[in-house]
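First comes the structure, then the notes that go with it.
Only heavy atoms go into these numbers, but all of them, side chains included; no hydrogens, no water, no symmetry mates. Chain A is the first sequence line, chain B the second, and so forth, proteins listed ahead of strands; every chain is numbered from 1.
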Amino acid sequence: MPSREIFWNIPYNFLLYIFAGISVVFLAYCIYRRVKVWRLGKPEDRTSNIGKRIGIFIRTTITDIFGHRRFLSEPYPGIMHFTLFWGFMILLLSAAIDAISHFTNHLLRGTPYLWFSLISDIAGFVLLIGVIMAIYRRYVMKPKRLNTFADDGVVLGVLAAVAVTGYMIEGLRMAATEIIQHPDWAGWSPGGLVFAKAFSGLDTNTILLLHRSFWWFHSVMVIGMICYIGLTFSKFQHIFVSPLNVFFRSFGPLGTPAPIDMDKAEILGVGDIKDFTWKQLLDLDACTNCGRCQDSCPAWATGKPLSPRKLVQDLKVHMLNATNKQEMPPDNLLTLVGKAPTEDEIWACTTCGACQESCPVYVEHIVKIIDLRRNLVLAQNKMPETAQLMLRNMQSRGNPWAGVQAMRLRSDWTNEVGLKVLGDGDQVDTLFWAGCTGALVERNVKATLSLARVLKTAGVDFGVLGDAETCCGDPARRAGYEFQFQMMAEQNLEVFKNHGIKQIITSCPHCFNTLKNEYPKYGGDFKVIHYTQLIADLIQQGKLKLTNKLNSKLTYHDPCYLGRYNGVYQQPRKILQNIPAVKIKEMGRSQNKSFCCGGGGGHMWIEEQPGTTKINQMRIEDVIKTGADTVVTACPYCLQMFEESIEHKDIQDKLKALDLIEIVEATMKQS
Amino acid sequence: MNIIVCVKQVLDPEIPPAKFKIDTETKKVIPPLGVPPVISVFDERAVEAACRLKDKNKGKITVISMGTAKASDVVRHALSMGADDGFVLDDAAFENLDSFGTAYVLSKAIKKIGTYDLVLCGRQAADWGAGEVGSILAEILGIPVVTLACNIEVVDNKLRIKRIVKDGLEVLEAPMPGLVTVSSEIGLPRLPGGLGLMMARRKVIPVWKAQDIGAEASPLDKANVHSEVTSLSIPSRKSQCEMITGATPVEAAVNLASKIVSLM
Amino acid sequence: MDTHKGVLICGEIAKQKLAPVTIELLGIGRKLANELGEDLSILLMGSGTSGLGQEAIAYGADKVYVAEDSLLDNYNSDAYTQVAANLCRKILPSIMLLGHTDIGCDLAPRLNGRLGGGLAMDCLALSIDPSTRFLVSTRPVYGGNAHAAMVTRSARPQMATLRPKTVPPAERNDGRQGQVIVVEDKIDPSALRIKVIERIKEEVEGVKLEDAEVVVSGGRGIGSAQNFAMVKELAHVLGGAVGATRPVCDEGWMPATLQVGQSGKAVSPKLYIAVALSGAMAHITGCLGSKYIVAINKDKDANIFNVASFGIVADYKEVLPALTAKIKELKSI
């Protein structure tokens, strides 16, 4: 009956349990101390709705942790980590099964034992492949996004040593037992067999001695590693911290900061590391320094100093300093944003969400940045001048477009298409929310008018607010000027209530996101849709037909706040696919990997760092590569950004930018 | 130091000129719908100047505004920037006053407030633009006045003021108490911070009537007004702009160049 | 009312001569005095002003009051107010005129406060109402969106500050006769509360804004201080001066001395080129006196096109270099 004696040739094997026990207790203690560090942060509710959370965690575990969904978009590092992970997990499982067998004295026997041996051997081989790929990548390929420290060498070295010595131990045991006694079992441990054959020439006593030595060496190394993890919180900690972070991940909307109580708040945003919540501090440890966020960040790609990874690692240093009870500087100046991270880094972010989309362990970067901005703006009065200009205009005129009121008023657009503006006491179910940009900026007004005409033609019954619309507050909130946002939200919600609004159609994804995901916290109860969702529905119901041919080659740019923030990828495409004879070419970076236009996070107004490439100038290259003659988008900021970059490259004769609704109107049946 | 700032709420200067309408009968502007009034630009700079002085010298800023009840909005804005107290002067008797009348009302309010080291005003109101009230107020109070300030500091317990003149700057020294009118060159006003906004939200802004400040009837009597408006009109602006065109902006520029040289 | 007679001008001295705005005031003052059938007087303050007496008479003054105190050599708010107010109380003019300059902006309201008359600032036109014999002052309000006509019925003196370059200068007639009267007004230096510590001259390269035949102004659309180089280049090629709007000066891209508009300078050159500025009334009010206004703006709905004589709708960055180059070429032919 195939089987194997656990702890063969290892007297005093109980010592292993003692050492293991001590090291695990030690690790547990170290983790406990680390948990106390995270709990230096403010409270945050991530446990209500625990049933839903567990469900999502199970799903995420299957797709992301087991399935490595976010890793495998890049083949080499994806396969590399897949092999490391599964090799390691299976070997860990094997060791656990061994321990259980030994404890319960219920050894694996027969065919199950043979399969167990084979799978373990394969796992070891898979692990070794992963380790070799990793060593090659980190030390030979040296990709830009990897920062290499001594710990990385230790981790990879230990993994390699554990795998190799594992085979050696197996080989030595087999050389002394299986090869001689049960050669038919030996084939089920191919790795061990190779080593067994190598050792078979040695005499038995040497084999036994080598076996015992390597066995203890292997065990002490592993136990030592466990203690090492506890002491240094080495990269290995991601084994338990990252799944923990995934468990506590936000399943709310992307990038939504918490409200600040305008009447009672004592801390405004984050000025000290302990102003972050415990979950935000947990993030800092969950980060494995992989750099995928950096690689996907449009600010970093265009030369700004912001790297989401660096930000997280810098904040981690602050967190660790806080526990070392560093002396506060004598004048108690807030020092969190200063040298690392710098103000320039904080302001460079466009809140596009590419970082969070790419992070395999679900670190949440955006809210941290907004929290830091809040403290800079609300408590320290520090912000770029272009931000200040925009925010002052928000305050005095209720919209971010400084200077534009000299040319048109908020309600002017409604006259051009003959709409009824809601008056005092008027009740209407559906509101078309034009947004500041759509009502005030010349180019975007064209798209607003187009949408209004299309909705009218399709027989949609809606009202508009005209000058009773004040900005949804998104630019103020992303720029950290939270109070202005809250006051505007309260004001707008009052208006919605007075008119009995049940549904809101938006043309701007920023309005869409803010009204849909952020207003409910202040007492909003209405449905919010983006026009692409409505138009797609109307086309499907046959209420809108796109019949006119369009001899264009189009490419569609996914706006960040429509795509990554709200998952609306398919409806705009469905609309475009309904156009007869149209040719559509996707950009390389599209859908959830779409590259930001550079307009979010307040950057329609906040100047990008001089001397760097503008983000929209980088994105237009993606458009040009498709060979399209028209870039289509469904966001007023994206539209402006594309027109600006087309003008900058002086290719207006070859490429034009259009809002999706303008194409819908152009291809609609003219009634 | 104690600073008093006088602020005025005005029609938003940034409205499209095409929307600017007046009632020639009442000689008043008809504000377009949906455009809220704002704090006069130069008065906001005066508040900023006061806040900068308070940052450096410790003190108290009191803001007063003569206007309707809505004027409390601009007082609240000043509070959120860093002022400590605010009052609105609202009385039917204060309507349609000229610069003298306005200065008189402000002076009574200032006397009620009590001690002060500095009174700040904008150099002119963003709507009427006369630029008289500050100086008249100083004459009434009997204190020295410096106009068109772009920088104010306190040095050796005296005011040190930089003043805009035709071809540069003057640096002046004046004793306290004094009055200074502030010009926009002082720089951008600060964005109200979190604490300022929170404090301003809670603050009660009292409204003072004529009797509260001891304003007498005679100076407010419309019959005693010093200057009055006999007509208000919109000058005719015939829009006859000849657009210079070209296939490209460069070509248009070349055409314009010829035009310009022919005119000179 | 009948106690007050005559027109009194508070004159300004520039480089030991009558300032241009003072000569304009003498022109309009003479006209007003003639309509009233009364005298035109002028007050000149500072050392050596008696030497200018004949000149002032040649330009139309009947009486020239000179206050030759060295403390009046440079503008001093307290001193000037004291001398002018005392003279006013002595000779009781019906009308008092000043130029709308940094001196006038300071002096006129103070005098008004001290004397109790009525004042209209930054006037574009002055006239006498034939039926009432009141001074009617027309001034821009609401950033220039409207004009207000103002009178002072009973309070005296009726005061006004006149915007420079809105009326023609007086004609010189050296044969005119008049009186030069010395004003004995002792100024106690210790009573001067406001002291001038320093005067900092802003070095302006090239032509001065107020005197220039050509002004090229840039607005917020220029985008940055560096980009103003293009504006300066065009001004240089045309032999003109550079101007700026208030937001530009607030941002610090250009010095405040170059601000054109409601709170800056009013200019009336032959040619005013407005580059990348929207044409807010508060700015336009400062350049409406120009003979030709040319606008370059990428927004076809910008208000500046409503007051311009010629315009190009395009990005200034594409227009200015070509414009400058072509003008240079044409001028060198």
Which atoms of [X] approach chain C - backbone, side chain, both or neither, heavy atom under 4.5 Å:
| X | answer |
| --- | --- |
| B/Q240 | backbone |
| B/L159 | neither |
| B/A103 | neither |
| B/S258 | both |
| B/L263 | both |
| B/V229 | both |
| B/I260 | side chain |
| B/L179 | neither |
| B/V41 | side chain |
| B/K27 | neither |
| B/A138 | neither |
| B/E242 | both |

Chain B contact via [X] - side chain, backbone, both or neither, heavy atoms under 4.5 Å:
| X | result |
| --- | --- |
| C/L320 | neither |
| C/A148 | both |
| C/R110 | both |
| C/L271 | side chain |
| C/A308 | both |
| C/Q158 | neither |
| C/A120 | backbone |
| C/Y142 | both |
| C/A314 | side chain |
| C/I284 | neither |
| C/L192 | neither |
| C/V319 | both |
| C/V196 | both |

>> Using the rule given for side-chain contact (heavy atoms from CB on, under 4.5 Å), can you reason through C/F134 versus B/T230, listing the C-alpha separation, both sets of side-chain angles and the distance that settles it, and then say yes or no?
In response: CA-CA 12 Å; C/F134 293 151; B/T230 54; over 6 Å; no

Which residue out of [options] racks up the most heavy-atom pairs below 4.5 Å with chain C?
| options | result |
| --- | --- |
| B/E228, B/E185, B/R160, B/R45 | B/E228 |
| B/K162, B/R163, B/E14 | B/R163 |
| B/G178, B/G134, B/P144, B/A174 | B/P144 |
| B/I136, B/D127, B/N255 | B/D127 |
| B/V10, B/I234, B/V254, B/V225 | B/V254 |
| B/S184, B/P249, B/A252 | B/S184 |

Report yes if the side chains of [X] and [Y] come closer than 4.5 Å at any heavy-atom pair, otherwise no.
| X | Y | answer |
| --- | --- | --- |
| B/E170 | C/N74 | no |
| C/V294 | B/I244 | no |
| C/K326 | B/L256 | no |
| C/V141 | B/V29 | no |
| C/D106 | B/L148 | no |
| B/M243 | C/K300 | no |

>> Does C/I200, at its CD1 atom, have more than 12 non-hydrogen atoms belonging to other residues, nucleotides or ligands within less than 6.0 Å?
In response: yes

> Heavy-atom count around B/K108 NZ within 6.0 Å, excluding the residue itself: above 12?
Replying inline: yes

> Which residues, numbered in order, of residues 15-23 of chain B come under 4.5 angstrom of chain C by heavy-atom distance?
Replying inline: B/P17, B/F20

Taking [options] one by one, which has the highest count of heavy-atom pairs under 4.5 Å against chain B?
| options | result |
| --- | --- |
| C/L288, C/L119, C/D78 | C/L119 |
| C/E213, C/E210, C/E198, C/R193 | C/R193 |
| C/S278, C/A149, C/G118 | C/A149 |

> If you look only at pairs with a residue in residues 303-325 of chain C, which of them pass as a side-chain hydrogen bond (donor to acceptor under 3.5 Å, both in side chains), with sequence neighbours excluded?
Replying inline: C/N227-C/Y316, C/N303-C/N306

> Do C/M121 and B/Q124 pass the side-chain contact (heavy atoms from CB on, under 4.5 Å) test, and can you show the C-alpha distance, the side-chain angles, and the key distance before you say yes or no?
Replying inline: CA-CA 10 Å; C/M121 300 271 281; B/Q124 63 199 70; over 6 Å; no

About how many Å separate [atom2] of [Y] and [atom1] of [X], when rounded to the nearest 0.5 Å?
| X | Y | atom1 | atom2 | answer |
| --- | --- | --- | --- | --- |
| C/L135 | B/S227 | CG | OG | 11.0 Å |
| C/R114 | B/E139 | CZ | CD | 4.0 Å |
| B/N224 | C/R153 | CG | CZ | 13.5 Å |
| B/I164 | C/C249 | CD1 | SG | 9.0 Å |
| C/I197 | B/K158 | CD1 | NZ | 8.5 Å |

> Out of C/K201, C/R199, C/K15, which one pairs with B/D167 under the salt bridge (charged side-chain N to carboxylate O under 4.0 Å, His left out) rule?
Replying inline: C/K201

When you measure from the side chain of [X] to the backbone N and O of [Y], does any donor-acceptor pair fall under 3.5 Å?
| X | Y | value |
| --- | --- | --- |
| C/H147 | B/S233 | no |
| C/K265 | B/K166 | yes |
| C/R139 | B/W128 | yes |

